[in-house]
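Presented below is the structure to which this report refers.
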Amino acid sequence: MEQTLVILKPDAISRRLCGEIVGRFERKGLRIVKMRMFEITPELSKVHYADHIDKPFYPELEEYITSGSVVAIILEGEESISVVRKMIGATNGIEAELGTIRGDFSMSKRQNLVHASDSKESAKREIEIFFKEH
Ligand code: CMP
C-alpha cells in the first residue's frame, strides 16, 4: 500500500470545504492514516516549498499558506499518489478539469484548496516534515 500527503490549505478551511474534500478521498476508497490541524509558519513553508523559493510567486504563496490553519492528512491506498493527484486536478483552478477538486471549487492558481505529493520521494519527504513521529 502506498501513502501520500495531502494538505487542505487555508481557503479549504475558511470556505468550509474540508468535509467535501475529505469525503471525496474516502468515497474513492482511500484510507485516512493520520490527520492533524495546525498553522504553517514561514519557516515550515520554506522547508515544504523549498523547490519554489526562487520563483516569483513564492512571497505570495508563503503569505497565503501561513494565513490560517491547514489540515495535513496521510492517505493510504494502491497507487494513492497518482490517484490523489488526478482527483485534485491541475494547479490552476481555471484550467483544472470539472470533476476534480480544483476544477469544481477553485478559480485561482494560488488559492487552489489542496496540496498533494507529486512523487514517491516527495510523499516520503512531506510525511516526514508534517508527521515527524510517523
Ligand atoms: P501546490 O500544489 O501546493 O504547489 C505549489 C503551490 O504554489 C501551488 O499549489 C499553488 O498554490 C502555488 N502556485 C503555483 N503556481 C503559481 C503561480 N503561477 N502563481 C501563484 N501561485 C502559484
Side-chain angles (χ1 to χ4, degrees):
M1 279 295 167
E2 188 171 78
Q3 292 189 344
T4 189
L5 191 278
V6 165
I7 300 173
L8 308 185
K9 300 183 184 183
D11 51 328
I13 284 129
S14 64
R15 291 178 58 197
R16 318 290 203 259
L17 286 170
C18 292
E20 168 71 37
I21 295 169
V22 173
R24 287 184 176 213
F25 293 135
E26 286 197 302
R27 290 198 298 275
K28 176 68 178 165
L30 293 151
R31 185 173 84 85
I32 297 171
V33 177
K34 294 215 171 184
M35 179 147 81
R36 63 182 279 249
M37 186 178 226
F38 59 102
E39 282 176 20
I40 294 185
T41 60
E43 294 70 33
L44 189 55
S45 172
K46 289 181 184 77
V47 173
H48 173 59
Y49 283 130
D51 291 348
H52 296 300
I53 281 185
D54 296 330
K55 303 212 175 124
F57 62 80
Y58 181 77
E60 286 174 344
L61 172 59
E62 183 180 294
E63 190 184 342
Y64 156 56
I65 205 70
T66 60
S67 67
S69 297
V70 301
V71 174
I73 310 166
I74 301 176
L75 289 175
E76 186 175 81
E78 213 171 305
E79 299 197 36
S80 60
I81 296 168
S82 65
V83 168
V84 169
R85 291 287 293 189
K86 274 187 213 148
M87 289 180 73
I88 71 173
T91 302
N92 186 344
I94 289 174
E95 289 164 8
E97 293 284 335
L98 294 179
T100 65
I101 292 164
R102 290 164 172 168
D104 287 351
F105 301 115
S106 169
M107 286 289 283
S108 167
K109 228 185 270 182
R110 182 168 58 247
Q111 293 184 281
N112 58 4
L113 299 164
V114 53
H115 166 86
S117 309
D118 63 4
S119 66
K120 282 186 198 299
E121 297 68 40
S122 61
K124 183 171 183 294
R125 178 176 167 276
E126 291 170 2
I127 287 170
E128 277 168 14
I129 293 172
F130 294 108
F131 293 89
K132 283 200 174 72
E133 79 290 0
H134 185 65

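Residues: numbered from 1 along the sequence shown. In each ligand, atom 1 is the first atom listed, and ligand 1 is the first ligand listed. Predicted model, so just to flag it, every value in this text is computed and none were measured.
If you check which protein heavy atom lies closest to atom 18 (N) of ligand 1, you get K109 CD, 3.2 Å. Residue, atom and distance of the protein heavy atom nearest to atom 12 (C) of ligand 1 are L61 CD1, 3.8 Å. In terms of protein heavy-atom proximity, atom 3 (O) of ligand 1 is nearest to Y49 OH, 2.6 Å. The nearest protein atom to atom 22 (C) of ligand 1, hydrogens excluded, is given as F57 CD1, 3.6 Å; this is a heavy-atom distance. Regarding atom 11 (O) of ligand 1, its nearest protein heavy-atom neighbour is R110 O, 2.8 Å. Looking only at heavy atoms of the protein, atom 2 (O) of ligand 1 is closest to R102 NH2, 3.2 Å.
Atoms of ligand 1 lying under 4.0 Å from at least one heavy atom of H115, given by number and element, are 1 (P), 2 (O), 3 (O).
E97 and R102 are not joined by a salt bridge, as no carboxylate oxygen comes within less than 4.0 angstrom of a charged side-chain nitrogen. The pair E128-K132 does not meet the salt-bridge criterion, since no charged nitrogen lies less than 4.0 angstrom from a carboxylate oxygen. Using a cutoff of 4.0 Å between basic side-chain nitrogens and carboxylate oxygens, E20 and R24 are scored as salt-bridged.
Inclusion of K9 in the set of residues having an N or O under 3.5 Å from an N or O of ligand 1 is warranted. Of the N or O atoms in N112, one or more lie within a sub-3.5 Å distance of an N or O in ligand 1.
The proximity of Q111 to ligand 1, defined as any non-hydrogen pair under 4.0 Å, does not occur for either the backbone or the side chain.
At least one side-chain heavy atom of K9 sits less than 4.5 Å from a side-chain heavy atom of Y64. Side-chain contact between Y49 and I65 is present, with heavy atoms from C-beta onward closer than 4.5 Å.
When atom types are taken as modelled, the side chain of D104 and the backbone of G99 share a donor-acceptor pair closer than 3.5 angstrom.
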Notebook entry, point to check: How far apart are the C-alpha atoms of E126 and H48, what are their side-chain angles, what is the distance that settles it, and do they pass the side chain to side chain contact (heavy atoms under 4.5 Å, CB included) test?
Noted result: CA-CA 7 Å; E126 291 170 2; H48 173 59; 3.7 Å; yes
